[in-house]
**Q** 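Sharing a structure here in structure tokens format.
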Amino acid sequence: MTNREIAAALEEVADLLEFQGANPFRVRAYRNGARKVADASQSLVGVVESSGAVALTEIDGVGKDLAEKIAELATEGSLAMFDELREQVPPGVLALMRVPGLGPKKAAAVHKELGVGSLDQLRAACEAGEVQQLKGFGKKTEETILAGIDLAAKAGERIRWADADAVVQRLLEHMDGLGAIKRRDPAGSYRRGKETVGDLDLLVDVGESMDPTAVAAVMDRFGEFEGVAEVIARGDTKMSLRMDSGLQIDLRCVPSESYGAALQYFTGSKEHNVEVRGRAKARGLKVNEWGVFKADGEERVAGESEEQVYVALGLPLFPPELRENRQEFAAAEAGKLPRLIELGDLRGDLHMHTSATDGRATVREMVAAARERGLEYIAITDHSKRVTMAHGLDADRLRAQWREIDVVNEELTSEGVDFRVLKGIECDILEAGPMDLPDDVLAEADWVIASLHYGQNQPRAKIMDRLLGAVAHPSVSIIAHPTGRLIGKRAPYDVEMDELIAACAEHGKCLELNANPARLDLDDVHCAAAKAAGVPIVISSDAHSPEGLDVLRYGVLQARRAGLTADDVANTSAIKALLSRVGG
DNA sequence: GCCGTTTTCGGCCCGACTGTTTTCAGTCG
């Protein structure tokens with residue numbers, strides 16, 4: 001089983017236990033375990049095979065029990081306790097808990113009292129007016145549930161960060177200019193730069209005192225945002241909207257003295273905050289969204305700025321991208337919190353296409369676009385001939401393009417421009433294993449990307465043969481979009497990432513972090529694993545047009561989540577250093 | 001189910017909002 005599959009199983013165990021009314025802390029332990037498994041950079045099957053179940057207890061939050069259950073999943077592919085739980089809880093009941101407003105208690109009630117075991121039955125029971133008769137339920141609750149059933153399909157659907165960003169920018173533009181707003185920041189998983197975002201949070205500083213008039217003005221303006229379908233809730237400080245698209249946006253208004261605490265709190269992650277609060281408690285302090293307080297009284301120790309909040313707890317101001325309770329607390333204690341890479345650190349872009357294949361611009365136009373964006377070098381890497389739909393290049397057309405690149409480089413040199421174009425190719429790894437172009441052609445290239453576009457559904461052994469063969473090829477510099485996943489659309493191909501990373505380390509090859517917002521491949525966990533193995537990451541745009549270069553920032557955000565510094569990313573180097581570091 | 005700078009037992013983050021309630025449970029983040 002993959003780590004992801006093991007994590008999904010543990011997560012479902014937690015759901016089932018929660019439905020049964022189990023000890024909430026036991027439920028939390030399973031959820032926490034699921035997250036740790038999903039975040040693990042090594043394949044846990046491999047860990048269990050080489051070191052046994054006991055090695056898993058090294059993972060923080062995994063004790064003897066969970067270690068044995070994870071090992072059982074890893075070696076057997078199933079878990080006896082999981083199967084028993086599934087027998088006790090009818091299938092379909094878990095879907096009930098995904099209806100907004102229906103948590104484990106209410107879901108259990110409708111199941112126990114009314115025999116409801118599916119969304120269809122729940123709808124029927126609501127429409128028959130049976131649900132409002134239950135103790136603790138009423139007419140309003142029934143209506144909420146009925147509306148929630150329709151939302152259940154959409155709910156849980158996360159949007160890409162880049163799409164969330166578009167909404168955020170529109171929202172900020174809509175809100176800005178209102179005098180009642182002193183400061184404002186989008187928070188939540190958007191601020192942490194997660195590759196997908198479930199809902200949006202906007203935090204607003206309404207001034208020294210929570211002037212009700214100011215709050216009302218902010219909330220009124222918020223409610224007038226274009227595309228609002230409904231106001232879900234509106235209280236004294238908090239308001240929630242649902243957009244036509246189904247996206248939920250939460251607004252929180254806080255006084256200036258609490259703004260930093262609120263920003264810290266609403267940025268999350270939940271797991272990071274649990275740790276923060278636990279640490280506060282150990283220091284005799286209490287943290288909530290209003291500030292840091294002495295545990296025994298009302299005295300506020302911090303709250304105005306986020307930095308003050310962390311400092312009061314003896315912690316550094318963590319970059320939002322690292323706030324996942326993965327390694328950040330340990331790194332901070334060791335004084336090894338990384339200085340994360342920034343967009344300005346990138347000096348080149350090593351993956352892009354031109355109109356010779358499926359791109360829209362010429363080599364010269366791509367050079368101009370890259371120079372406008374402050375880059376010092378690019379590699380032109382069009383598709384190879386196997387990619388017939390894109391009119392991929394054969395050896396002759398490729399060599400013709402390289403002659404053109406020679407001319408462009410000579411022009412740049414004669415104009416005194418410090419910019420260089422590398423002669424590259426995105427060469428397919430054919431279904432049977434070999435590269436799509438002859439070795440002597442690849443040997444002439446400055447930069448060879450190896451990619452897998454066909455036979456993506458092959459079994460793991462075959463996929464790995466192809467990838468490892470490419471890594472060992474003397475002319476190959478890098479594996480592009482190593483898992484092939486498209487976020488929310490296409491599953492990754494069956495890659496044993498540990499093995500691929502180890503091979504890259506052995507042969508001195510790079511792995512790509514493809515910055516296309518639909519790909520972001522490698523993901524943050526795998527990037528961190530590559531870093532740990534000393535494998536350089538290359539952040540690439542895979543641009544098919546001049547504007548396509550602008551996606552680099554999404555890749556940088558993902559790299560930051562992985563804890564990457566400029567040194568971990570090869571294309572932060574000047575051209576000479578790059579080529580001496582990673583061949584070509 | 002996990003964990004230990006007062007602990008191997010007894011804790012485990014904290015508050016807003018809603019609805020069904022006259023003081024609180026459930027849900028959400």
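Every chain is numbered from 1 and lettered A, B, ... according to where its sequence line falls, protein lines coming before strand lines. Just so you know, these numbers use all the heavy atoms, side chains as well, and skip hydrogens, waters and symmetry mates.
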**Q** What is the distance from CD of A:Glu143 to C1' of B:dT18, rounded to the nearest Å?
**A** 13 Å
**Q** If you compare every side-chain N and O of A:Trp290 against the phosphate oxygens of B:dA16 (OP1, OP2), does one of them come in below 4.0 Å?
**A** yes
**Q** Can you list every ring pair (Phe, Tyr, Trp, His ring centres under 6.0 Å) pair that touches residues 25-44 of chain A, not counting sequence neighbours?
**A** none
**Q** In sequence, state the C-alpha distance, the side-chain angles, and the governing distance for A:Asp524 and A:Arg192, and then conclude on salt bridge (Lys or Arg N to Asp or Glu O under 4.0 Å).
**A** CA-CA 12 Å; A:Asp524 50 356; A:Arg192 299 200 310 281; over 6 Å; no
**Q** Apply the salt bridge (charged side-chain N to carboxylate O under 4.0 Å, His left out) test between A:Glu195 and each candidate in A:Arg561, A:Arg485, A:Arg519; give the one that qualifies.
**A** A:Arg485
**Q** Whole-Å distance between B:dG1 C1' and A:Ile59 CD1?
**A** 15 Å
**Q** Quantified in whole Å, what is the C1' atom distance between nucleotide B:dT8 and nucleotide B:dC12?
**A** 15 Å
**Q** So do the side chains of A:Met239 and A:Val231 get within less than 4.5 Å of each other, counting heavy atoms only?
**A** yes
**Q** Measure from CG on A:Asn32 to C1' on B:dC3 and round the result to the nearest Å.
**A** 12 Å
**Q** May I ask you to decide if the ring planes of A:Tyr190 and A:Trp161 are parallel, tilted or perpendicular, using 30° and 60° as cut-offs?
**A** parallel
**Q** Rounded to whole angstrom, note down the C1' distance from B:dG1 over to B:dT5.
**A** 24 Å
**Q** Grab the N/O contacts between the protein and nucleotides 4-9 of chain B below 3.5 Å, and write none if there aren't any.
**A**
none

**Q** Pairs in or reaching into residues 114-123 of chain A: which pass side chain to side chain donor-acceptor pair (under 3.5 Å), with residues at least two apart or in two chains?
**A** A:Arg123-A:Asp150
**Q** Mind checking if A:Asp65 touches a base, just sugar-phosphate, or nothing, with heavy atoms under 4.0 Å?
**A** sugar-phosphate
**Q** Could you check how far NZ of A:Lys140 sits from C1' of B:dT21, rounded to whole Å?
**A** 15 Å
**Q** Name every residue in residues 124-136 of chain A that has at least one heavy atom under 4.0 Å from any atom of DNA chain B, in order of residue number, or write none if there are no such residues.
**A** A:Gly136
**Q** Contact class for A:Val287 vs. all strands (heavy atom < 4.0 Å): base, sugar-phosphate, or nothing?
**A** sugar-phosphate
**Q** I'd like the P distance from B:dC13 over to B:dC24, given in whole Å.
**A** 22 Å
**Q** Is it true that a side-chain atom of A:Glu289 and a backbone atom of A:Tyr265 form a donor plus acceptor pair closer than 3.5 Å?
**A** no
**Q** For A:Thr144, report the nucleic acid contact type (base, sugar-phosphate, nothing); a contact means any heavy atom under 4.0 Å.
**A** nothing
**Q** Check A:Lys286 with A:Glu299, please: is the shortest side-chain N to carboxylate O separation under 4.0 Å?
**A** no
**Q** Rounding to an integer number of angstrom, what distance separates B:dG26 and B:dT21 when you compare their C1' atoms?
**A** 12 Å
**Q** Considering only atom C1', compute the distance from B:dC9 to B:dC14 and round it to an integer number of Å.
**A** 24 Å
**Q** If pairing requires Watson-Crick or G-U wobble contacts with both distances under 3.5 Å, which nucleotide is the partner of B:dC12?
**A** B:dG1
**Q** Is the shortest side-chain N/O distance from A:Ser240 to OP1 or OP2 of B:dC17 below 4.0 Å?
**A** no
**Q** Atom NE2 of A:His272 to atom C1' of B:dC13: distance rounded to whole Å?
**A** 13 Å
**Q** Looking at DNA chain B, which of residues 318-335 of chain A put a heavy atom within less than 4.0 Å of it?
**A** none
**Q** Please list, in numerical order, the residues of residues 6-31 of chain A that have a heavy atom closer than 4.0 Å to any atom of DNA chain B.
**A** A:Asn23, A:Phe25, A:Arg26, A:Arg28, A:Ala29, A:Tyr30
**Q** Expressed as a whole number of angstroms, how long is the span from A:Lys139:NZ to B:dT21:P?
**A** 15 Å
**Q** Is B:dT6 syn or anti, taking syn as a glycosidic angle within 90° of 0?
**A** anti
**Q** Output the rounded distance in Å from NZ (A:Lys36) to P (B:dC2).
**A** 13 Å
**Q** Going by the rule side chain to side chain contact (heavy atoms under 4.5 Å, CB included), which residues pair with A:Val311 if we only count those two or more places apart in sequence or in a different chain?
**A** A:Glu307
**Q** At under 4.0 Å between heavy atoms, which parts of nucleotides 22-29 of chain B does protein reach? Answer with one letter per nucleotide, 5' to 3': B base, S sugar-phosphate only, - none.
**A** ----SSSB
**Q** What residue pairs, at least two apart or across chains, pass side chain to side chain donor-acceptor pair (under 3.5 Å) with a residue in residues 6-26 of chain A?
**A** A:Glu11-A:Arg31, A:Asp15-A:Arg31, A:Glu18-A:Arg31, A:Gln20-A:Gln88
**Q** Side chain to side chain contact (heavy atoms under 4.5 Å, CB included) with A:Glu342: which residues, sequence neighbours excluded?
**A** A:Arg339, A:Asp345, A:Arg560
**Q** Would you indicate which nucleotide in B:dC12, B:dC13, B:dG15 comes nearest to any side-chain atom of A:Asn288?
**A** B:dG15
**Q** Could you check, using the six-membered ring where one of them is a Trp, whether A:His111 and A:Phe19 have ring centers closer than 6.0 angstrom?
**A** yes
**Q** Tell me: CG of A:Leu313 to C1' of B:dC14, nearest whole Å?
**A** 14 Å
**Q** Kindly write out the residues that satisfy side chain to side chain contact (heavy atoms under 4.5 Å, CB included) with A:Ala530, not counting sequence neighbours, or none if the list is empty.
**A** A:Ile501, A:Leu511, A:Val535, A:Ile537
**Q** With rounding to the closest Å, how many angstrom separate the P atoms on B:dG15 and B:dG4?
**A** 25 Å
**Q** Evaluate the criterion salt bridge (Lys or Arg N to Asp or Glu O under 4.0 Å) for residue pair A:Lys36 and A:Glu271; output intermediate values, then yes/no.
**A** CA-CA 11 Å; A:Lys36 295 290 183 185; A:Glu271 291 78 12; over 6 Å; no
**Q** Using atom C1' in both nucleotides, what's the gap between B:dT20 and B:dG11 to the nearest angstrom?
**A** 32 Å
**Q** Answer yes or no: is there an ion pair linking A:Arg323 with A:Glu328, defined by an N-O contact shorter than 4.0 Å?
**A** no
**Q** At under 4.0 Å between heavy atoms, what does A:Lys69 touch on the DNA or RNA strands: base, sugar-phosphate, or nothing?
**A** sugar-phosphate
**Q** Can a cation-pi geometry be assigned to A:Lys182 and A:Tyr259, taking NZ or CZ under 6.0 Å from the six-membered ring centre and within 45° of the ring axis?
**A** no
**Q** So that I can tick it off, tell me whether A:Arg252 and A:Asp185 are bridged by a salt bridge, with the cut-off set at under 4.0 angstrom between side-chain N and carboxylate O.
**A** no
**Q** Tell me every residue that passes side chain to side chain contact (heavy atoms under 4.5 Å, CB included) with A:Asp201, counting only those two or more places apart in sequence or in another chain.
**A** A:Ala187, A:Asp199, A:Asp250
**Q** Need to verify one output field. Residue with the more 5' nearest nucleotide on DNA chain B, A:Gly138 or A:Lys64?
**A** A:Lys64
